[in-house]
Amino acid sequence: MAAMAVVVVVFFVAAALVAAGGAALVEHTFVVSQVKLNRLCNDMLVTVVNGQFPGPAIEVKEGDSVAVQVINKSPYGLTIHWHGVKLQLNCWADGAGMITQCPIQPNKNFTYRFNVTGQEGTLWWHAHVGSLRASIHGALIIRPRSGSRSYPFPKPHKEIPIVIGEWWEMDLNQLDKNLRNGHLFDMPRVATINGKPGDLDNCSGTVKDSNILKVEHGKTYLLRIVNAAMNSEYYLKIAGHRFTVVAADANYVKPYTTDVIAIAPGETVDALLVADAHPAGRYYIVAKANQPPKPAIQIPVFISRGIVQYGDGPRKVEEKALSDSASLIMAPEMPDKHDAATSFYFHGNLTSLQPQPVPANVHEHLFYALDASFVCREGESSCNNATNMMGMVNNVSFQLPTTTPLLQAHYHGNTSSIGTLRELPDRAPRMFNYSETLEPTSKATSVRRLRYNATVEIVFQSPVLADTYANPMHLHGHDFLVLAQGFGQYNAETDVATYNLVDPPVRNTVHVPLFGWAAVRFVTNNPGVWFMHCHFGHHSSSGMAAAFVVENGPTLDSTLPPPPEDFPSCKTYNSRVSYE
């Protein structure tokens, strides 16, 4: 057995008030290293932060400043992305590998500094190099400036993070190399809730890895739910209970009561749970992955579950007792693995609690076809011998720069030095024709330049062929107004009438349904280079992505400042390492 990497675990959190009732500086130290973790009765060397899977939660109040020192003791170059944080005039802190920065090399460190302004709710952080986010991630919780008493919903008795993830028993760097080369069939071993598989995978004969959420009858709990998985959208249910959804992607929504939550990779959902079940016993909380129907390639059904345990206090529940009486735990009836309608209606039922004015004057109309095809190598006129399927946007499969990050090249005015650079078409060169014939694609560093303060409307279109899939599309540095979604091919003449121009939900990740489309608007009020990509790992790594270059505005406060003095250098960059 290979010698276990030296584990250095340092965790430091400090909050120093600038003035009474004022903003605080919240400081963390993230030590990234490889540690031996045991799941499913196997020891695995896993790259994690501070020895934890998932990593530590960052908890702040709106208006706080954050400083996270990342000490890289792993063998991989890496970055940390603050998923959903708007980072106004601070694109340098976005942490997108080779988009905004060079990776933090092994045995190096870098401190991310950013403000959390105008946002409340649950976001998250994760690695943004290769597929390392499968094990390097954690919650980012933003509470109101004046505390939980100012929530726009009843103050909960307790807040409980629920991080849905996956346990991979393979090297994550190799996983990403496989994905970049069109090999899309590697699978995780099991789904996890808060890093644990649950009792469905009972390798030792006793329940070792089950989550137990202890609740008191009559109390209300705020569940902060994150989908940190690479591969799947999940349905979440608790037997005998209902949720009231109150926020999504750190934006409040009108209270929506449901017995099932649909959450795609990259999304977050805040939901109230009232512990009012009768009898007050034990109930399974289940996360189940969905997938497209045949003829799409079918994968195993990934399910993780924990236990909601009623009790009168912090009474110890013995693991063996739980195992012996497992039949007494009520289980929910879950949607079918091919059920797409439940997700469609869940996302469609969310509306903004505090509606933002919808810009009426649209400056840029973009139609982005999300698809996959074979890659023609440079100089080839035919792809008949191609063996790799690559994700693409408008028939361009995104390729990251290999020597200079896009943001650095843009800032210094030398994007022409990136030989693979190409302007992303506003519309697909070929539109969907309902046939099964795939046309070849090509790889390029595809960008779309946008002037400052422009209103942009994007229609994302998933494939409408039989072999289809959904696509959770995430944009860094901005939020979307999600105006509408629909099944089938988008029709510009008729579907505009379905737009919600009154109270559309505000998201940083829009779930584009399988066999369908989604329409969004946003304003380019944050200069820099912002990555846009599908949050399925196999889609983003294989090229379903692009970058928006948002130009500076006319004033100093609309101009991107220079990078930090200690910004990571690419001098030691290994071009064979991949980036997500």
Side-chain angles (χ1 to χ4, degrees), residues 39-40 160-167 188-221 223-227 229 231-245 257-264 269 271-291 298-311 315-343 345-346:
R39 298 290 188 276
L40 308 178
I160 303 174
I162 303 289
V163 180
I164 300 170
E166 296 157 342
W167 178 254
R189 177 72 187 280
V190 71
T192 60
I193 296 177
N194 291 343
K196 297 180 179 180
D199 61 2
L200 287 174
D201 294 274
N202 191 1
C203 59
S204 65
T206 60
V207 179
K208 294 178 61 177
D209 293 321
S210 189
N211 290 282
I212 300 175
L213 309 181
K214 297 180 181 179
V215 299
E216 298 179 44
H217 199 275
K219 300 288 188 181
T220 298
Y221 298 82
L223 305 184
R224 296 184 175 274
I225 308 163
V226 178
N227 187 343
N231 267 22
S232 301
E233 179 185 24
Y234 279 81
Y235 289 130
L236 186 75
K237 294 187 75 172
I238 301 177
H241 295 77
R242 294 175 69 81
F243 306 101
T244 300
V245 178
T257 301
T258 176
D259 68 343
V260 60
I261 288 172
I263 185 167
V269 172
L272 297 176
L273 170 71
V274 178
D276 58 0
H278 294 281
R282 285 173 292 186
Y283 299 82
Y284 275 122
I285 175 172
V286 179
K288 177 182 177 181
N290 64 27
Q291 61 180 295
Q298 299 298 287
I299 64 174
V301 179
F302 292 102
I303 300 176
S304 182
R305 66 185 188 185
I307 298 170
V308 174
Q309 165 72 42
Y310 280 75
R315 178 169 55 89
K316 173 71 175 177
V317 180
E318 296 295 337
E319 292 177 347
K320 187 175 186 306
L322 285 174
S323 178
D324 293 342
S325 59
S327 61
L328 301 179
I329 306 174
M330 294 184 61
E333 181 178 351
M334 300 299 293
D336 184 78
K337 65 179 180 180
H338 294 143
D339 181 349
T342 296
S343 171
Y345 289 113
F346 175 85

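Note that the structure is predicted; figures quoted are calculated from it, not measured. Count residues from 1 along the sequence.
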Note to self: Checking Lys288 now: which residues fulfil salt bridge (charged side-chain N to carboxylate O under 4.0 Å, His left out) with it, not counting sequence neighbours?
What the structure shows: none

Notebook entry, point to check: Looking at Pro332 and Lys237, what are the two nearest heavy atoms and their distance?
Noted result: CB-CB, 4.0 Å

Notebook entry, point to check: Who passes side-chain contact (heavy atoms from CB on, under 4.5 Å) against Asn231, sequence neighbours left out?
Noted result: Glu166, Trp168, Met187, Pro188, His538

Check: What are the two closest heavy atoms between Ala239 and Ala331, and how far apart are they?
Finding: CB-C, 3.5 Å

Checklist line | Polar side-chain atom of Tyr221 near backbone of Glu216 as donor-acceptor pair, under 3.5 Å | finding: yes

Note to self: Give me the atom names and distance for the closest heavy-atom approach of Phe346 to Val260.
What the structure shows: CD1-O, 3.6 Å

Next item on the list: For Ala287, check side-chain contact (heavy atoms from CB on, under 4.5 Å) against everything at least two apart and list the hits.
Entry: Ile164, Ile193, Tyr234, Leu236

Margin query: Quick one: does any side-chain atom of Gln291 pair with a main-chain N or O of Ser232 as donor and acceptor, under 3.5 Å?
Written below: no

Notebook entry, point to check: Is a side-chain N or O of Asn227 found less than 3.5 angstrom from the main chain of Ile263, in a donor-acceptor match?
Noted result: yes

Check: Considering only heavy atoms from C-beta outward, does the side chain of Ile162 approach that of Leu213 to under 4.5 Å?
Finding: yes

Check: Excluding sequence neighbours, so at least two apart, what forms salt bridge (charged side-chain N to carboxylate O under 4.0 Å, His left out) with Asp276?
Finding: none

Next item on the list: Check for a donor-acceptor pair, side chain of Arg189 on one end and backbone N or O of Leu40 on the other, with a separation under 3.5 Å.
Entry: no

Checklist line | Heavy-atom closest contact (Pro197 atom, Ser304 atom, distance) | finding: O-OG, 2.9 Å

Check: Roughly how far apart are Arg305 CZ and Ile285 CD1, rounded to 0.5 Å?
Finding: 12.5 Å

Item checked: Under 3.5 Å: donor-acceptor pair, side chain of Thr192, backbone of Asn194 -> no

Next item on the list: Could you tell me the separation between the NZ atom of Lys214 and the CD1 atom of Ile160, rounded to the nearest 0.5 Å?
Entry: 12.0 Å

Check: Which residues satisfy the ring pair (Phe, Tyr, Trp, His ring centres under 6.0 Å) test with His217, sequence neighbours excluded?
Finding: His278, Tyr310

Check: Taking only residues two or more places apart in sequence, or in another chain, which ones meet Phe243 in a ring pair (Phe, Tyr, Trp, His ring centres under 6.0 Å)?
Finding: none

Next item on the list: Check salt bridge (charged side-chain N to carboxylate O under 4.0 Å, His left out) between Arg224 and all other residues, then give those that pass, not counting sequence neighbours.
Entry: Glu159, Asp270

Checklist line | With sequence neighbours excluded, residues passing side-chain contact (heavy atoms from CB on, under 4.5 Å) with Thr220 | finding: Leu272, Val274

Next item on the list: Find the distance between CD1 (Ile303) and NZ (Lys337) and round it off to the nearest 0.5 Å.
Entry: 10.0 Å

Note to self: Going by side-chain contact (heavy atoms from CB on, under 4.5 Å), name the residues that satisfy it together with Asp339, two or more places apart in sequence or in a different chain.
What the structure shows: Tyr235, Pro335, Asp336, Ala341, Thr342

Margin query: Measuring from atom CD1 of Ile307 to atom CG of Asp199, what distance do you get when rounded to the nearest 0.5 angstrom?
Written below: 5.5 Å

Checklist line | Interatomic distance, Trp167 atom CH2 to Lys196 atom NZ [nearest 0.5 angstrom] | finding: 13.0 Å

Check: Closest heavy-atom contact between Gly240 and Ala277?
Finding: O-CB, 4.0 Å

Next item on the list: Name all residues meeting the side-chain hydrogen bond (donor to acceptor under 3.5 Å, both in side chains) criterion together with Ser343; count only those two or more places apart in sequence or in a different chain, and write none if there are none.
Entry: Glu233, His347

